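In what follows, every heavy atom counts, from backbone to side chain, and hydrogens, waters and symmetry copies are set aside. Treat the numbers as computed from the prediction; the structure is a model and nothing was measured.
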Amino acid sequence: MDQQKIDIAVIGECLIELSANGSLADTSTLNKYFGGDTVTTAVAIARLGGNVTYLTKVGNDGFSEFILSSLQKENIDTSLIKTNEEQNGMYIVSHTLENKEVLYYKRKTAATKLSIEDLDEEVIKKLKLIYSTGVVQSLSASSRELIRESFRIAKENDVLTAYDPNYTSCFMNSADTKEYFEEIIDFTDIVFLSLKNDAVKLYEIDSIDKIMNYMWDKGVKIVVIKSHIDNGYYTGYKGDVSFTEFYNTQRAIDITASGDVFNGAFLQALTNGYAPADAAKFAAVVSGLQTQNYGAIQAIPYKDTVMEII
């Protein structure tokens with residue numbers, strides 16, 4: 001992909017996914033794929049027709065070529081990806097009718113070596129938007145610095161910045177996750193929050209209005225809050241708040257990474273002229289369709305499918 005045409009940059013870690021169709025105790029076969037919160041968002045953007053580049057580091061092990069070729073097949077630019085001698089991160093997931101198991105292997109992975117040395121200021125200046133998450137900041141002190149500097153440079157050059165704390169108790173500390181966000185909030189234009197996992201657990205705020213006002217007071221322009229209590233998304237912009245219901249929830253069979261897919265669809269719509277409230281409606285459909293099949297990335301719909309419904 002010609003870097004002159006890239007609109008969105010996503011910074012993150014691409015993990016190897018090994019999945020089982022039964023319990024881990026009983027399965028004899030694991031299917032290989034790839035995943036991770038930010039790479040799921042990048043794939044959603046690409047499948048919806050977006051021009052996106054992915055910035056990460058990939059370990060020089062037996063999976064490196066698989067990761068790079070998989071991203072390229074999704075029409076994601078890989079020119080900013082570097083390799084090193086660390087291992088690639090991995091997670092193992094299984095689904096049964098009664099349960100879902102996820103095991104993460106993320107210590108000393110290739111992406112923990114992300115640093116400001118990987119930052120290309122000239123690339124950032126040409127973008128429409130840059131996106132990352134608290135998961136990426138949690139990898140290492142150097143990856144944390146990379147996100148901070150990337151957002152600062154973007155903000156100074158009128159490039160939109162978007163962020164999701166994406167707090168998960170599996171491998172993140174709530175106090176640290178809040179600190180990650182607070183150190184870049186002055187450089188953040190768009191934030192995606194889970195009411196339950198982010199607003200409540202990080203800020204101890206369970207009110208949509210209060211968390212909206214807190215973020216607006218900090219200078220965040222667009223605030224999107226996912227509420228399972230209300231079964232939908234609240235989108236706040238310029239003092240107005242709109243609500244969009246989850247799409248077709250009665251057909252949902254696997255909600256894995258649906259929030260990451262929503263983020264990608266929202267950002268793709270926004271960078272193509274949608275108003276924030278309309279971007280949320282578009283993204284709700286994309287995310288809803290993804291939940292109707294198994295596999296975080298495998299189930300992400302393509303643009304033609306989405307436009308037939310919308």
Side-chain angles (χ1 to χ4, degrees), residues 7-8 10 12 14-15 17 19 21 31 33-52 54 70-71 73-76 91 93-97 100 102 129 131 133 162 164 166 190 192-197 222 224-235 242-310:
D7 295 321
I8 299 174
V10 177
C14 187
L15 303 170
E17 175 190 288
S19 62
N21 293 323
N31 298 304
Y33 207 62
F34 66 102
D37 65 333
T38 53
V39 79
T40 301
T41 298
V43 172
I45 293 169
R47 289 192 183 181
L48 295 170
N51 297 318
V52 58
Y54 193 69
S70 295
L71 294 175
K73 287 176 183 177
E74 294 289 349
N75 292 317
I76 294 172
Y91 66 97
V93 58
S94 71
H95 294 276
T96 67
L97 293 175
K100 175 184 173 181
V102 184
L129 183 144
Y131 171 81
T133 70
D164 187 337
N166 213 359
I190 304 157
F192 301 98
L193 300 172
S194 160
L195 181 62
K196 177 182 177 182
N197 292 332
I222 301 172
V224 182
I225 302 172
K226 182 178 183 179
S227 172
H228 283 291
I229 296 174
D230 299 318
N231 293 310
Y233 307 90
Y234 289 92
T235 304
S242 62
F243 179 75
T244 303
E245 289 186 356
F246 294 153
Y247 176 78
N248 218 357
T249 53
Q250 68 273 15
R251 296 187 62 182
I253 60 173
D254 183 7
I255 63 170
T256 303
S258 61
D260 302 319
V261 173
F262 175 94
N263 294 359
F266 184 95
L267 297 176
Q268 171 61 8
L270 193 73
T271 54
N272 279 273
Y274 282 60
D278 293 330
K281 293 176 183 177
F282 175 81
V285 173
V286 177
S287 178
L289 290 173
Q290 183 253 4
T291 67
Q292 294 173 22
N293 291 286
Y294 288 109
I297 288 180
Q298 298 96 313
I300 298 173
Y302 289 86
K303 183 178 180 179
D304 289 347
T305 301
V306 176
M307 298 313 293
E308 286 177 5
I309 294 172
I310 292 179

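Counting all heavy atoms, side chain and backbone alike, Phe266 lies closest to Ala283 at N-CB, 3.5 Å. In plain terms, the two heavy atoms of Ser258 and Thr291 that are nearest each other are CB-CG2, 3.7 Å. Residue Gly12 comes nearest to Thr38 through the heavy atom pair CA-OG1, 3.1 Å, listed as atom of the first residue, atom of the second, then distance. Taking every heavy atom of both residues into account, Leu270 and Ala279 meet most closely at N-CB, 4.2 Å. The minimum heavy-atom distance linking Val52 with Ala42 is given by the pair CG1-O, 3.7 Å.
The neighbour count for Ile253 CD1, taken as heavy atoms of other residues, nucleotides or ligands under 6.0 Å away, is above 12. Atom CG of Asn231 has more than 12 heavy atoms from other residues, nucleotides or ligands within 6.0 Å.
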Just do the side chain to side chain contact (heavy atoms under 4.5 Å, CB included) check on Val39 and Ile297 with the steps written out, would you? CA-CA 9 Å; Val39 79; Ile297 288 180; 4.0 Å; yes
Step-by-step side chain to side chain contact (heavy atoms under 4.5 Å, CB included) determination, Val93 to Glu17: CA-CA 7 Å; Val93 58; Glu17 175 190 288; 4.1 Å; yes
Yes or no on side chain to side chain contact (heavy atoms under 4.5 Å, CB included) for Asn21 and Asn31, after CA distance, side-chain angles and deciding distance? CA-CA 9 Å; Asn21 293 323; Asn31 298 304; 4.0 Å; yes
Ile45 and Thr271: side chain to side chain contact (heavy atoms under 4.5 Å, CB included), yes or no, with the steps? CA-CA 10 Å; Ile45 293 169; Thr271 54; over 6 Å; no
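Looking at heavy atoms from C-beta onward, Gln250 lies in side-chain contact with Asn248 at the 4.5 angstrom threshold. Side-chain atoms of Val10 and Leu267, non-hydrogen and from C-beta on, never get closer than 4.5 Å to each other. The closest side-chain heavy-atom distance from Val102 to Thr256 is not below 4.5 Å. Put simply, the side chain of Tyr233 reaches to within 4.5 Å of the side chain of Lys226, judged on heavy atoms. Using a 4.5 Å heavy-atom cutoff, the side chains of Leu48 and Phe282 are in contact.
Between Thr41 atom OG1 and Ile8 atom CD1 the span is 10.0 Å, to the nearest 0.5 Å. Atom CD1 of Ile255 is separated from atom NE2 of His228 by 5.5 Å, given to the nearest 0.5 angstrom. The distance from the CG atom of Leu15 to the OG1 atom of Thr40 is 9.0 Å, given to the nearest 0.5 Å. Rounded to the nearest 0.5 Å, atoms CD1 (Ile309) and CG (Leu289) are 4.0 Å apart. To the nearest 0.5 Å, atom CG of residue Asp230 and atom OG1 of residue Thr244 are 12.0 Å apart. With values rounded to the nearest 0.5 angstrom, Asp164 atom CG is found 4.5 Å from Tyr131 atom OH.
The backbone N or O of Gly232 lies less than 3.5 Å from no partner atom in the side chain of Ser227, so there is not a single donor-acceptor pair. Formation of a donor-acceptor pair under 3.5 Å by the Asp254 side chain with backbone atoms of Gly295 is found in this model. With Ser287 contributing its side chain and Val261 its backbone, the two residues share no donor-acceptor pair below 3.5 Å.
A side-chain donor-acceptor contact under 3.5 Å links Thr133 and Asp37.
Note on ring orientation: taking the six-membered ring where Trp is involved, the planes of Phe262 and Phe192 are perpendicular (angle over 60°, cut-offs 30° and 60°).
Evaluated for a side chain to side chain contact (heavy atoms under 4.5 Å, CB included) with Arg47, the options Gln290, Gln268, Glu74 yield exactly one hit, Glu74.
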